[in-house]
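To start, the structure itself, in structure tokens.
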Amino acid sequence: MTQETALAIMKTGENIFLTGAPGAGKTYVLNQYLDYLKDYGIEAAITAPTGIAASHIGGMTLHSFFGIGIRESLSQYDIENLTEKKYIWERMKNLKVLVIDEVSMLSPELLNSIDAILKTFKFSSEPFGGVQTILVGDFFQLPPVSKKYAETGKRFAFQSEAWDELNPSICYLETSFRHSDDILKNILGEIRNGAVSEDSMNHFRSRYKKNPEGTEQITRLYTHNTDVDSINKEALAELETPLKVYDANTKGPKKWTDKIFSSSLVLEKLELKKGALVFFIKNNYEKGYINGTLGEIVDFDVFNVPIVETKDGSRIKAERMDWHFEDADGKPKATVSQIPLRLAWAITVHKSQGMTLEAAEIDLSRAFEPGQGYVALSRITSLGGLKLMGLNDAALSVDPDVLHSDQSMRASSTEMYQSFDSLSEDEQQKRAEHYMKGLGGIKGSGAKKKKEGALQENKDPSYLLSKPFFEKEMSIDEIAQERDLTEATIM
């Protein structure tokens with residue numbers, strides 16, 4: 001399915017599962033829909049199962065939004081206790097569209113709980129209380145931690161009763177904008193199909209301990225934390241430049257600041273040196289970096305702020321940024337302020353999820369979880385950027401349940417595409433307008449609210465015009481061509 005069709009289907013109010021391979025543009029389509037809703041004065045609830053995933057999309061964790069603490073499964077008694085909280089009533093009253101990103105990390109129990117909460121607060125027996133629900137993710141990514149998996153045999157959200165009842169329309173995006181290499185695209189496609197050919201294995205063998213050409217910056221992806229910590233510590237020690245130490249500034253109770261450290265990539269103590277290979281751990285489009293941007297520390301300013309030079313020669317001051325832990329009402333309970341960097345000689349495959357790397361040294365000789373090999377290999381943009389250090393039998397495996405469901409999801413997506421595409425543009429538009437009218441949306445009302453709140457510029461800044469293309473995961477040169485600008489201007 002194309003991005004345009006998926007967006008058009010969303011506009012009609014359908015419950016959606018938006019999926020596709022890494023780089024297919026899921027985030028781009030989602031943001032297009034969110035902007036569309038805002039134009040009509042409708043604010044969607046943007047959520048994700050984990051703090052890291054929530055920070056990527058500028059949303060809240062599901063636990064915070066629904067006020068359920070750390071629980072995955074709620075009893076009727078738990079839900080009745082929630083109904084005594086006024087702020088939850090206010091939040092649920094205004095909820096019209098719910099977005100759950102990285103749904104692959106969502107346990108069946110938590111999805112069932114959210115369904116039960118919405119039915120209660122919306123006084124409705126409809127799935128998710130009749131709230132339009134947009135699920136976004138890719139089940140070929142690393143699986144969720146489900147405490148009841150051993151007991152129920154159900155690990156993924158699509159195996160829950162709530163998913164079956166919701167019966168979301170499948171929008172399976174087919175085109176990859178991250179991977180320009182047809183060979184790598186084919187290999188990743190074979191992994192998703194559960195059968196890696198001998199030809200693909202030969203391509204892997206050709207990259208065994210072979211350094212990528214044209215880059216000195218290479219990140220190592222390993223499956224275990226011990227390997228990563230050891231490599232980074234040794235590499236930093238080898239640099240003869242002075243050591244700079246950055247302690248995180250914290251505000252709020254320790255139990256909440258600890259929650260920030262455990263649910264994000266930010267470090268309590270960050271050690272850096274000039275010459276260190278690093279990556280950014282936050283998005284900051286205005287300053288020209290995103291989560292995963294690689295670079296080298298080339299200097300420190302008079303205030304000891306690290307200056308990072310990226311591969312294209314851009315120099316960025318890595319000033320402190322804030323991470324928040326919010327209560328169920330969306331108010332910060334704790335804040336951590338730290339330099340948004342981590343050493344990048346090595347990172348775990350798990351923490352690489354969501355990143356785009358031009359080159360990587362990948363060791364899958366100790367892979368132990370289905371999806372680890374797929375996540376690691378899908379981080380790189382081309383096979384030429386791969387230095388393969390090892391590969392075991394489990395590395396390229398995928399969960400059989402995911403493989404089986406993926407086949408039916410592809411078929412459902414094709415059927416949905418054909419059905420929707422058979423409608424005239426007028427009919428599609430009528431359905432979209434009918435849905436917005438039912439929500440109480442008024443076209444242009446979002447813009448009016450914006451103007452009333454603050455003085456607005458007549459023209460969007462250039463970086464904002466480039467932002468949608470980055471979210472579409474296009475490369476710098478592709479964006480430059482699209483906008484008819486130089487690559488330096490885009491950065």
Between the main-chain N or O of [Y] and the side-chain N or O of [X], is there a donor-acceptor pair closer than 3.5 Å?
| X | Y | answer |
| --- | --- | --- |
| T335 | K251 | no |
| D138 | A21 | no |
| Q3 | L173 | no |
| S230 | T226 | no |
| T348 | T223 | no |
| K122 | M92 | yes |
| S365 | L391 | no |
| K26 | V136 | no |
| N112 | A162 | yes |
| Y33 | M10 | yes |

ask   = Which pairs count as salt bridge (charged side-chain N to carboxylate O under 4.0 Å, His left out) when at least one residue sits in residues 411-422, sequence neighbours excluded?
value = none
Report the residues that fulfil ring-ring contact (aromatic ring centres under 6.0 Å, His included) with [X], sequence neighbours left out, ordered by chain and then residue number.
| X | answer |
| --- | --- |
| F17 | F139, W163 |
| F128 | none |
| W256 | F325 |
| F123 | W89 |

Using the test side chain to side chain donor-acceptor pair (under 3.5 Å), find all partners of [X] that sit at least two apart in sequence or belong to another chain.
| X | result |
| --- | --- |
| E427 | R431 |
| N249 | none |
| Y435 | Q132 |

task = For R379 and I362, run side chain to side chain contact (heavy atoms under 4.5 Å, CB included): C-alpha distance rounded to whole Å, both residues' side-chain angles, the deciding distance at 0.1 Å, then the answer.
result = CA-CA 10 Å; R379 297 311 96 206; I362 299 176; over 6 Å; no
Hey, could you give me the [atom1]/[atom2] distance between [X] and [Y], rounded to the nearest 0.5 Å?
| X | Y | atom1 | atom2 | result |
| --- | --- | --- | --- | --- |
| E102 | L62 | CD | CG | 11.5 Å |
| K269 | L267 | NZ | CG | 11.5 Å |
| L110 | D115 | CG | CG | 11.5 Å |
| L396 | I187 | CG | CD1 | 9.0 Å |
| H324 | S337 | NE2 | OG | 9.0 Å |
| I134 | D101 | CD1 | CG | 11.5 Å |

Answer whether the closest heavy-atom distance between the side chains of [X] and [Y] falls below 4.5 Å.
| X | Y | answer |
| --- | --- | --- |
| N81 | Y77 | yes |
| I100 | L111 | yes |
| S75 | D78 | yes |
| E43 | L37 | no |
| P340 | W323 | yes |
| E14 | F420 | no |
| K287 | E319 | yes |
| F66 | S113 | no |

task = Go through Y222 and I231 one step at a time and tell me if the side chain to side chain contact (heavy atoms under 4.5 Å, CB included) criterion holds.
result = CA-CA 10 Å; Y222 284 74; I231 291 169; 3.5 Å; yes
query = After noting the C-alpha distance and the side-chain angles of I347 and L265, does the key distance pass the side chain to side chain contact (heavy atoms under 4.5 Å, CB included) rule?
reply = CA-CA 11 Å; I347 56 178; L265 295 174; over 6 Å; no
request  = Please determine which of R155, Q159, K154 meets the side-chain hydrogen bond (donor to acceptor under 3.5 Å, both in side chains) test together with D401.
outcome  = Q159
Results of salt bridge (Lys or Arg N to Asp or Glu O under 4.0 Å) for [X] - residues two or more places apart only:
| X | result |
| --- | --- |
| D322 | none |
| D229 | none |
| K86 | none |
| K93 | E90 |

task = Show your working on side-chain hydrogen bond (donor to acceptor under 3.5 Å, both in side chains) between S424 and D426 and close with a plain yes or no.
result = CA-CA 5 Å; S424 67; D426 285 345; 5.3 Å; no
message = Does D247, at its CG atom, have more than 12 non-hydrogen atoms belonging to other residues, nucleotides or ligands within less than 6.0 Å?
response = yes
ask   = Closest heavy-atom contact between A346 and V228?
value = O-CG1, 3.3 Å
key: Smallest separation among heavy atoms of V336 and A248, with atom names   = CG1-CB, 3.9 Å
task = State whether a side-chain donor-acceptor pair under 3.5 Å links S104 with Q141.
result = no
message = So that I can tick it off, tell me whether R410 and E174 are bridged by a salt bridge, with the cut-off set at under 4.0 angstrom between side-chain N and carboxylate O.
response = yes
key: Residues D227 and R366 bridged, charged N to O under 4.0 Å   = yes
query = For T83 and I88, what are the C-alpha separation, side-chain angles and deciding distance, and is it a side chain to side chain contact (heavy atoms under 4.5 Å, CB included)?
reply = CA-CA 7 Å; T83 62; I88 298 290; over 6 Å; no
